[in-house]
Protein chains: 2
Amino acid sequence: MTVKIKEVALAAGVSSATVSKVLSGRTGYAVHAATAERVRQVALDLGYVPDAAAQNLRTRRSGQLGVVLEAVGSSEPDSLLGGVTAGSAVRRTFDGAIMAGLNDAARELQVPALVVYPGGSTSPLSYLDGRVDGLLVSCDPLRGHGLLEALRGTPLPVVALWTETVPPGISGVDVDHRQGGVLATRHLIDLGHRQIAFYGGGQASGVEHFGRRELGYQDAMRAAGLPPQRAIHEGAQLVAAVRDALVSAVFAETDLAAAAVLQALSQAGLRVPEDVSLVGFDDILGAEYIAGGLTTVYHPAAEMAAEGVHELMRLLQGGSPSQRLLAPRLIVRRSAQARTAAAR
Amino acid sequence: MTVKIKEVALAAGVSSATVSKVLSGRTGYAVHAATAERVRQVALDLGYVPDAAAQNLRTRRSGQLGVVLEAVGSSEPDSLLGGVTAGSAVRRTFDGAIMAGLNDAARELQVPALVVYPGGSTSPLSYLDGRVDGLLVSCDPLRGHGLLEALRGTPLPVVALWTETVPPGISGVDVDHRQGGVLATRHLIDLGHRQIAFYGGGQASGVEHFGRRELGYQDAMRAAGLPPQRAIHEGAQLVAAVRDALVSAVFAETDLAAAAVLQALSQAGLRVPEDVSLVGFDDILGAEYIAGGLTTVYHPAAEMAAEGVHELMRLLQGGSPSQRLLAPRLIVRRSAQARTAAAR
DNA sequence: CTGTTAGCGCGTTCAC
DNA sequence: GTGAACGCGCTAACAG
């Protein structure tokens, strides 16, 4: 037996229209202050809660934002990672960061609720049932953007996370991976390294993020007048390069890849950072335990999600779609040290 | 301009009632197979999607499950952790695991959508607006159960995660932390250790989970005829106990606490597992990097969330509230070794 | 047995 | 400050 607006109206001695006006909170309606106060009090006493379905039906808005949460995280092929196999755990860390960012932003902006679509693979049509006023799509960078393409031309405002390349009419928020690659590489250069390897699939992987991280590596190398090396994606190859004095420092495209590098080096009797300097990317949980503290690039996933909510609110208020890149940040620990300290 | 049911009816040459019957999917309605097929085809061609608000208003059900996602994760006080400060990252791992579990279960059960309430601190009344058919509460084990208490007696079916102690009328799903404590401790006993310390706040911390983990430790010790030791919650104290040959193995109440133990021991020149065996709890991301592979107890957070969804569906189908505990699982790595191998 | 008509659910908003 | 139409799909009762 829930309380309905008519019961409140009756108890307050007014019509339901008046109750609606008062509780809408909007000013500008002609309602006596005393009446308004009485209505509010009665509503509170009776524990009246407006029915969301009726409200949505009439206003054609739900006050809900949809979130399509595709699995996000490490997309590294196993071959690259050696024995390191925490991919799904990394994915969860990022998903958790996304939820934390969404939650914080939604609370701050007073968005009533977020709707998560299970699986995220449903037909694009199903997002158009009025359940949500806008859509955040957390795409898997590896699996391409099938859903985004399908949403091209939707009447629903859409913001895509995790990608720089979105169809027209859709907003995008991503981290500046290329700039992150520059940060990591420049750090190694500043430490005096000249022979710096890029470890990972990079552009050849077909994964947008990894390609951009490699581009950043190349940018920084060229800016310092150094020749970028071809990407290495095998532990043995890297060990050989180090032995031949062709490599004194490594930028691994992810922290997991860095862990794999560390493992390969250790097995060959090489130490980090004494023999080789190492920088990763992502700052995953556990990064502080890798090599006694992995120097890495922090990936602001939560901030990205929060920015996505803000962008969606902008679209809902009539703004036009835009692209935005968030700056990553270098986290200096101990796995990268000055070249001179290596004494080789 | 969205397509409405009447337009479909018109195009298919039937009434809207027939369209509704066909698209409801329910059998038992008397509709010609040929007519039904035609209606379905027309609906598809026109891209008809039933309006959720109208549906919800008429059926008084939303097909949505609410999730109150309080911050969950490491609740360890800083003093216990020494320099190890990855608490928020752990929280995100668990939140991500929860979302992964919810997502998987919802998809499997064909639940249309999950609603996440931002902040999770809103008045209990606000969950009664018909937006959701039931509520999952992922409570913070540290902050107590204010929300759960407030939900006592709600007409809405409620399932609480992360706690064994719930008000009457509410279902609970939690991990069997006590059993996990037994697993960890028994593993050390089986390895030949007799002087086993519990490291952490335990029962004194006031955190339900940690208390139960310590109880499990005590259970296993007593079962082996060994006297449980008083909980240690300071690195220096632990180092002293090891030096005095009072402790040869440590069960730390969380993996982060284990990392702190490791750090304290290392600084004192003691090695894991050569000098001291160490077992953690949670199997957080990064556990495989702690001490070259931390032996720990896996915390099935995703499974817990999935089980929560199942329990909620049971309640929605008229089942009665119940409590459920999920079994944790020992993950053997290399931080705990046989006593004899220690050669002390 | 197939398909239609009519009215419901409940808060919002326009016209008086 | 009020009355009543309205949003849109569902379903009980009814006609063919």
Side-chain angles (χ1 to χ4, degrees), chain A residues 1-40 42-43 46-64 112 125-126 128-133 155, chain B residues 1-40 42-43 46-64 112 125-126 128-131 133:
Chain A
M1 292 307 106
T2 66
V3 181
K4 286 172 285 187
I5 197 172
K6 280 189 183 168
E7 306 176 35
V8 177
L10 189 65
V14 296
S15 75
S16 63
T18 304
V19 176
S20 177
K21 285 181 193 168
V22 171
L23 297 186
S24 78
R26 253 172 304 177
T27 58
Y29 282 125
V31 179
H32 265 283
T35 312
E37 187 46 46
R38 180 157 39 91
V39 168
R40 259 187 289 269
V42 169
L46 266 53
Y48 169 68
V49 181
D51 183 82
Q55 235 165 1
N56 298 350
L57 180 59
R58 194 65 178 88
T59 62
R60 309 277 63 205
R61 306 202 326 108
S62 70
Q64 297 185 155
L125 276 182
S126 71
L128 296 176
D129 63 357
R131 220 182 269 282
V132 297
D133 299 336
Chain B
M1 294 309 107
T2 67
V3 181
K4 288 173 283 189
I5 198 171
K6 280 188 184 166
E7 306 176 34
V8 177
L10 189 64
V14 296
S15 76
S16 64
T18 304
V19 176
S20 177
K21 284 181 193 169
V22 172
L23 297 184
S24 77
R26 252 173 304 178
T27 58
Y29 280 125
V31 178
H32 257 287
T35 312
E37 187 46 45
R38 181 158 38 92
V39 168
R40 259 188 289 269
V42 169
L46 267 54
Y48 169 68
V49 182
D51 183 82
Q55 236 166 357
N56 298 350
L57 181 59
R58 191 64 176 89
T59 62
R60 308 275 65 205
R61 306 202 325 106
S62 69
Q64 297 185 157
L125 273 182
S126 71
L128 296 175
D129 63 358
R131 218 182 270 281
D133 298 336

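The sequence lines fix the lettering, A, B, ..., with proteins before strands; numbering per chain opens at 1. Only this structure's heavy atoms are used, side chains among them; waters, hydrogens and symmetry mates stay out.
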So, OP1 or OP2 of [N]: does either fall under 4.0 Å of a side-chain N or O from [X]?
| X | N | value |
| --- | --- | --- |
| A/Arg26 | C/dT12 | no |
| A/Thr18 | D/dT2 | yes |
| A/Gln55 | C/dT12 | yes |
| A/Arg60 | D/dC8 | yes |
| B/Thr35 | C/dG3 | yes |
| B/Ser16 | D/dC10 | no |

Step through the shown structure and confirm whether more than 12 heavy atoms of other residues, nucleotides or ligands are within 6.0 Å of CZ on B/Arg61. no
Quick one: which of [options] gets closest to the side chain of [X]?
| X | options | answer |
| --- | --- | --- |
| B/Ser20 | C/dT4, C/dG11, D/dC10 | D/dC10 |
| B/Tyr29 | D/dG9, C/dG11, D/dT11 | D/dT11 |
| B/Ile5 | D/dT11, D/dG3, D/dG9 | D/dG9 |

Candidate list A/Val22, A/Val19, A/Leu23, test side-chain contact (heavy atoms from CB on, under 4.5 Å), partner A/Val8, passing option: A/Val19
To the nearest angstrom, how far is [X] atom [atom1] from [N] atom [atom2]?
| X | N | atom1 | atom2 | value |
| --- | --- | --- | --- | --- |
| A/Leu23 | C/dC10 | CG | P | 16 Å |
| A/Arg38 | D/dG1 | CZ | P | 8 Å |
| A/Arg58 | D/dA5 | CZ | P | 13 Å |
| B/Asp51 | C/dC10 | CG | P | 17 Å |
| B/Leu10 | C/dT4 | CG | C1' | 15 Å |
| B/Leu57 | C/dG7 | CG | P | 18 Å |
| B/Glu7 | D/dG9 | CD | C1' | 13 Å |
| A/His32 | D/dT2 | NE2 | C1' | 14 Å |

Polar pair under 3.5 Å, donor/acceptor by atom type, side chain B/Lys21, base C/dT4: yes
Heavy-atom donor-acceptor pair, B/Arg131 side chain to A/Ser62 backbone, under 3.5 Å: yes
